[in-house]
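Structure, as structure tokens:
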Amino acid sequence: MTASPSLLATLPGHSYTSPEVFAREQENIFESLWFCAVRSAELDAPGAFRTVPVGRESVLITRNGEGEPRAFLNVCRHRGARLCTEESGAVRRTLRCPYHAWSYDLDGALVAAPNLARMPDVDRAAYGLRAVALREWLGYVWVCLADDPPSFEDQAPGAAVERLGDAAAIERYGASELALGRRVRYDVRANWKLIVENFMECYHCAAIHPELVSVLPEFARGFAAQYYVGHGAAFADGARGFTVDGGEGFGRLPGLADDQDRRYYAITVRPQVFVNLVPDHVIVHRMFPAAPDRTVVECDWLYAPEVIASGADVSRSVELFHRVNVQDFAACERTQPGMASRAYRSGGVLVPSEHHIGGFHSWVTALLDGA
């Protein structure tokens, strides 16, 4: 219970430390909702694959002979061996289990196994790989392990509409056509919810993000862009681009509306994606929760294809948000031990500029209670 209407209660400390709570989140959030798994362009040919942890499962994502993306549980139907043990790679025509050599085509059908011809009663379709629901959006492959997946449009594009107030606003950035300029993987010793909460608010920005507030001065007042529907934080008058020193970036992405120029927008797509939009590039974070106190985050910086093809130096724009990431993740790691303290047994509080985080807490609680 809080002492003032200005303060809202947070989740209790054990929500960030309990293995039991984390197991329920794995089952009822990450294994039940749409999960952003891999950049589509990484699967650059039939047989190219990537394995991705989704909740407690390993998901194998590839392209079939026609170049269409496919996703399967990364488990051989014979004895349950891990089919592909590498994080990424390529096969020619079949996915072959290294244990007993059961082989599957790129659409998941069982096509060969030792002595299979002597077992004509075996239904090859019935013993194919377990397919996983798949969609593509913003140039990423999204998967859902649920037998009856929820609406993708409500969960993912719907989050962008809710934040930006306009269905076309995010499409103007053309994210699916952009090229990967840099990827950084962070191993964060903190609960995934702490990372989401940190991204959603800017009460901390003046204290730990000097480079960011020099480019986006309104963040120094403590109100995050996500606090307002449709609002984008304006660049400082002296900032020529979204770069670590405020220097010039690259040309404005084609298709952007004039009112999107020189502004930063942030979107949280629950449960594990952050999208950052600036005039000349897009930054996408994907979280892979690994334990109650450990989350792997992959951050992609995406640019117009001609920028990457030209060999342009993207380091100054990458460095700005890389510093933000390092600063944020260090703060989350400082917070994680406190979640186990008796001082935080009943949780903490949210000040008014953080009240929108209460909606995230209610969302998590409802999914776990509803289960």
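Checked against a 6.0 Å centroid threshold, the rings of F219 and Y203 do not count as neighbours. For F152 and W142, the ring centers are positioned less than 6.0 Å apart. Remark: aromatic rings of F235 and Y264 are distant, center separation not under 6.0 Å.
The environment of R56 atom CZ is dense: over 12 non-hydrogen atoms of other residues, nucleotides or ligands sit within 6.0 angstrom. Applying the 6.0 Å contact sphere to CZ of R252 captures more than 12 heavy atoms from other residues, nucleotides or ligands. Residue D123 qualifies as enclosed at atom CG: its count of foreign heavy atoms under 6.0 Å is above 12.
Relative ring orientation between Y104 and W102 is described as tilted, the plane-to-plane angle lying within the 30° to 60° band. The aromatic rings of W192 and F30 stand perpendicular to each other, their planes meeting at an angle above 60°, with 30° marking the opposite boundary. The aromatic rings of H281 and F242 sit tilted, their planes meeting at an angle between 30° and 60°.
Between the side chains of E171 and W137, at least one donor N or O sits under 3.5 Å from an acceptor N or O. Between the side chains of Y16 and E197, a donor-acceptor pair is found at a separation under 3.5 Å.
Between atom OG of residue S214 and atom CG of residue L320 there is a gap of 7.5 Å, rounded to the nearest 0.5 Å.
No option in V54, V273, V269 other than V273 meets the side chain to side chain contact (heavy atoms under 4.5 Å, CB included) test with C36. None of T51, N74, V52 except one satisfies the side chain to side chain contact (heavy atoms under 4.5 Å, CB included) rule with I61; the exception is V52.
In this structure Y186 satisfies the side chain to side chain donor-acceptor pair (under 3.5 Å) test together with H322, N325, sequence neighbours excluded.
Here the shortest heavy-atom pairing between T62 and L43 reads O-CD1, 4.1 Å.
Stacking of R183 on the aromatic ring of W301 is not recorded, the 6.0 Å distance cut-off and the 45° axial limit not both being met.
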